[in-house]
There are 2 protein chains.
Amino acid sequence: MTEFIEDDHISVDCVIFGFDFENLNVLLVERTLFDDNNEVVFSDLTLTGNHIYRHEDLDDAAKRILFNLTGLENIYMEQFHTFYHPDRLKAKNDVLWIESIGKNPDSRVITTSYFSMLDKNKIKLVKKDRNVAWYPVNEVKELAYDHKLILDKALDSLRLKLAHEPIAFELLPTKFSISQLQRVYEVIMNDKYDRRNFRRKALRMKYLIELKERQTDVKHIPAKLYMFSKDVYDVVKSDYINSLI
Amino acid sequence: MTEFIEDDHISVDCVIFGFDFENLNVLLVERTLFDDNNEVVFSDLTLTGNHIYRHEDLDDAAKRILFNLTGLENIYMEQFHTFYHPDRLKAKNDVLWIESIGKNPDSRVITTSYFSMLDKNKIKLVKKDRNVAWYPVNEVKELAYDHKLILDKALDSLRLKLAHEPIAFELLPTKFSISQLQRVYEVIMNDKYDRRNFRRKALRMKYLIELKERQTDVKHIPAKLYMFSKDVYDVVKSDYINSLI
DNA sequence: CCAAAAGTGTTGACGCTACACCCATGG
DNA sequence: CCATGGGTGTAGCGTCAACACTTTTGG
C-alpha cells in the first residue's frame with residue numbers, strides 16, 4: 001500500500017472561500033498546543049492544507065483536502081501561487097507545533113496554494129479531530145506560518161479572476177436573481193454598484209439566460225430568475241475580453 | 001559550505017522570452033545524449049532551469065538561473081505556475097537523460113516556473129557547457145519533459161499580464177517611439193492594431209511621458225520619443241483597471 | 001398600510017472602430 | 001525622386017456614470 005505515504009517535501013494549502021450573501025468567509029483550522037500539564041502553550045489559526053501523497057499530483061491533493069473537509073467534489077479550484085523559503089516554517093510557535101506532531105522542523109517544505117469558492121450554506125463541515133470553522137476574511141488579522149501572506153494573495157487572485165471570468169456562478173444556486181449576482185460582486189470586491197447600471201451590464205452577458213420562473217415567498221416583488229450557461233459562455237467568451245490596448 | 005548543496009526535490013524553470021521587433025523568442029537548451037560509442041541517442045530541447053540550492057527561495061533561484069545565462073539582474077520575472085506529477089519525468093528519453101547525469105529518475109521533483117522578458121539584442125548569451133539559443137516561440141513544436149506545457153502556460157500568462165499591466169516597457173529601450181510600443185503588443189499578442197487608434201489609446205496613458213527628443217538616422221520622419229514612468233504609473237494605475245462588471 | 005426589494009430610462013461625456021492623406025528624412 | 005514610416009481627424013455608434021420613482025408582495 002504505497003498509496004497513502006506522504007511526500008515530506010510538498011504540501012498543498014487550500015484557501016477555501018465561503019459566501020453567504022453577507023460576508024466572504026474563509027475556512028480556517030484552530031491549532032492549539034498543550035504542554036505536559038495540559039495547559040495551552042498557544043492557540044492560533046491556519047489555512048487548510050496537507051502534505052501530498054506520493055501517488056498524487058497537486059490538483060488531486062487540493063481536491064482531496066477540500067473533499068475531506070466539505071464532502072464536496074467538482075468544485076471550482078484554482079492554483080494561484082507557490083510559496084517556499086528555507087526558513088518558512090521556522091517561527092517559534094511553528095517549530096514547537098511541528099515537533100509536537102512528530103515531524104522534523106528542519107525539513108524544507110514547498111507549498112502550492114489553491115483557492116476555491118463555494119456557497120457556505122450548501123455544505124456541512126466535516127470536522128474530524130480538529131476545529132475547522134468559517135471566519136469572515138475581513139476579520140482575519142494573523143495566521144500561523146506564512147498563511148496570512150497566502151490568504152492575501154489568494155484574495156488578490158480571486159478578485160482578479162472574478163473581474164475577468166464568470167466565476168460568480170460558483171457561489172449561487174442554479175437559478176438566481178440579478179440582485180443576488182450583484183451581491184456576489186459587492187461582497188467579494190468589497191464595493192457597491194449602482195443597481196440599474198449593474199443590471200444593464202449583467203444582461204448584456206449573453207450567457208446569462210432568463211428563465212420563466214420568479215422567486216416565491218419573498219415579501220416584495222418576486223425577482224426574475226436567471227441561469228448561467230457555460231455552453232453559451234464557451235462560444236461567446238471572446239466578446240468579453242478587454243485590455244489596456 | 002552548505003551554500004551550494006542542491007535541494008533534490010525542488011526545481012525552478014525559467015521561460016525567458018526575448019523580443020527583437022520581429023519575433024517573440026524563447027531561450028532553450030539543447031539536450032543531446034551520446035552512447036558509449038559517442039553516437040547520438042537522441043537530441044531535443046528543454047527550457048532553462050535548475051534545482052534550487054538549500055539556502056535559496058524560489059525567486060532567488062529564478063534570478064540566479066537568469067543571471068547565469070544572460071548576466072542580467074533586475075529583470076522582470078514572474079512566477080506563474082507550479083508543475084508536479086509523480087510521473088512527470090518518466091518519459092523514456094527523460095529517464096535516460098536523468099540517469100546519464102547521475103541523478104535518480106525516481107525522485108519526485110516539483111518545478112515552479114517563472115517567465116521573464118527582455119530585449120534580446122541587449123544581451124550576449126553566456127553559453128558555458130551546453131548549447132543555449134533563442135527560438136521563435138511560434139516555431140517550437142515539442143520540448144523535453146513537460147516543458148511544452150510549461151511554455152504554453154507561460155505564453156498565456158505573459159499575454160494576460162501584457163493586457164492588464166504596463167510590462168511592455170521591459171522590452172524597450174528607455175526612450176522609444178509609439179510604433180515600437182505597438183510592435184511589442186503586436187508581436188506578443190500575435191495580432192495587428194490600427195496605428196491611429198493605437199496611438200490614441202497609448203497617449204491616454206498618463207505614465208507615457210513625451211520627451212523633447214526624436215529618433216536620429218532614420219530614413220523617414222524621425223519619431224517622437226517617449227519614456228515610461230513607474231512613479232506616475234504607481235499613482236494613476238487605479239484609473240486603468242477594467243472588468244466584466 | 002407598511003417595509004422591502006424589483007424594475008425601469010435618460011442625459012451628457014467619453015471610447016470605440018474604421019478609414020486616407022500628406023510629410024520629413026536618407027539614400 | 002523614391003521608399004519608408006510618422007503623424008493626423010472624423011463620423012457613427014456603444015458604453016459609461018449618475019440619478020428617482022413606481023410596483024408588487026408578505027405580514
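Below, chains carry the letters A, B, ... as their sequence lines are ordered, and counting in each starts from 1.
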Tell me which residues in [range] lie within less than 4.0 Å of DNA chain C, going by non-hydrogen atoms.
range                       : answer
residues 191-207 of chain B : Asp194(B), Arg196(B), Asn197(B), Arg200(B), Lys201(B), Arg204(B)
residues 212-226 of chain B : Val218(B), Lys219(B), His220(B), Ile221(B), Pro222(B)
residues 170-190 of chain B : none

Problem - Test: Arg31(A) cationic atom under 6.0 Å from Phe42(A) six-membered ring centre, within 45° of axis - result: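 Because its charged atom misses either the 6.0 Å distance or the 45° angle limit, Arg31(A) does not stack over Phe42(A).
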Exercise for the section: Report yes or no: is the cationic atom of Arg159(B) (NZ for Lys, CZ for Arg) under 6.0 Å from the centre of the six-membered ring of Tyr185(B), at an angle within 45° of the ring normal? Expected result: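 No, cation not above the ring by the 6.0 Å, 45° rule.
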Practice task
Check the side chains of Tyr207(A) and Asp234(A) for a donor-acceptor pair under 3.5 angstrom, ignoring hydrogens and angles.
Solution key: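 Asp234(A) vs Tyr207(A): no donor-acceptor pair found between side chains.
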Exercise for the section: Examine the side chains of Thr111(B) and Asp13(B) and answer whether a donor and an acceptor come within less than 3.5 Å of each other. Expected result: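 Indeed, the side chains of Thr111(B) and Asp13(B) share at least one donor-acceptor pair under 3.5 Å.
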Handout entry: Ile16(A): which of Thr48(A), Leu47(A), Leu28(A) passes side-chain contact (heavy atoms from CB on, under 4.5 Å)
Key =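 The passing option is Thr48(A).
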Exercise for the section: Look at the side chain of Glu186(B) and the backbone N and O of Lys192(B), then say whether any donor-acceptor pair between them is shorter than 3.5 Å. Expected result: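 Not a single qualifying donor-acceptor pair exists.
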Handout entry: Backbone of Thr46(B) reached by a side-chain donor or acceptor of His147(B) within 3.5 Å
Key =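 No, His147(B) side chain to Thr46(B) backbone: no donor-acceptor pair under 3.5 Å.
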Practice task
State which residues pass ring pair (Phe, Tyr, Trp, His ring centres under 6.0 Å) with Phe169(B); sequence neighbours excluded, sorted by chain then number.
Solution key: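 Expected list: Phe176(B), Phe228(B).
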Hey, are the side chains of [X] and [Y] touching, using non-hydrogen atoms and a 4.5 Å cut-off?
X         : Y         : answer
His164(B) : His164(A) : yes
Val126(B) : Leu69(B)  : no
Leu27(A)  : Leu125(A) : yes

Exercise for the section: Evaluate ring-ring contact (aromatic ring centres under 6.0 Å, His included) for Phe83(A) paired with His85(A), printing each intermediate quantity in order. Expected result: CA-CA 7 Å; Phe83(A) 298 85; His85(A) 186 283; over 10 Å; no
Handout entry: Point-to-point distance, once rounded to the nearest 0.5 Å, from OH of Tyr135(B) to CG of Leu143(B)
Key =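 Interatomic distance, Tyr135(B) OH to Leu143(B) CG, rounded to 0.5 Å: 10.0 Å.
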Exercise for the section: Walk me through it: do Phe21(A) and Phe19(A) pass the test ring-ring contact (aromatic ring centres under 6.0 Å, His included)? Expected result: CA-CA 6 Å; Phe21(A) 289 105; Phe19(A) 174 78; 4.9 Å; yes
Practice task
Count the heavy atoms belonging to other residues, nucleotides or ligands that lie under 6.0 Å from CG of Asn74(B), then report whether that count exceeds 12.
Solution key: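 Result for CG/Asn74(B): open.
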Handout entry: Contact interval (first through last nucleotide) of DNA chain C with protein chain B, 4.0 Å heavy-atom
Key =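 Taking any atom under 4.0 Å from a heavy atom of chain B, the span is dG15(C) to dG26(C).
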Exercise for the section: Compute the bend angle of the helix from dC1(C)-dG27(D) to dG27(C)-dC1(D) from the end axes (five pairs per end), rounded to 10°. Expected result: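 Taking five pairs per end, the axes differ by 10°.
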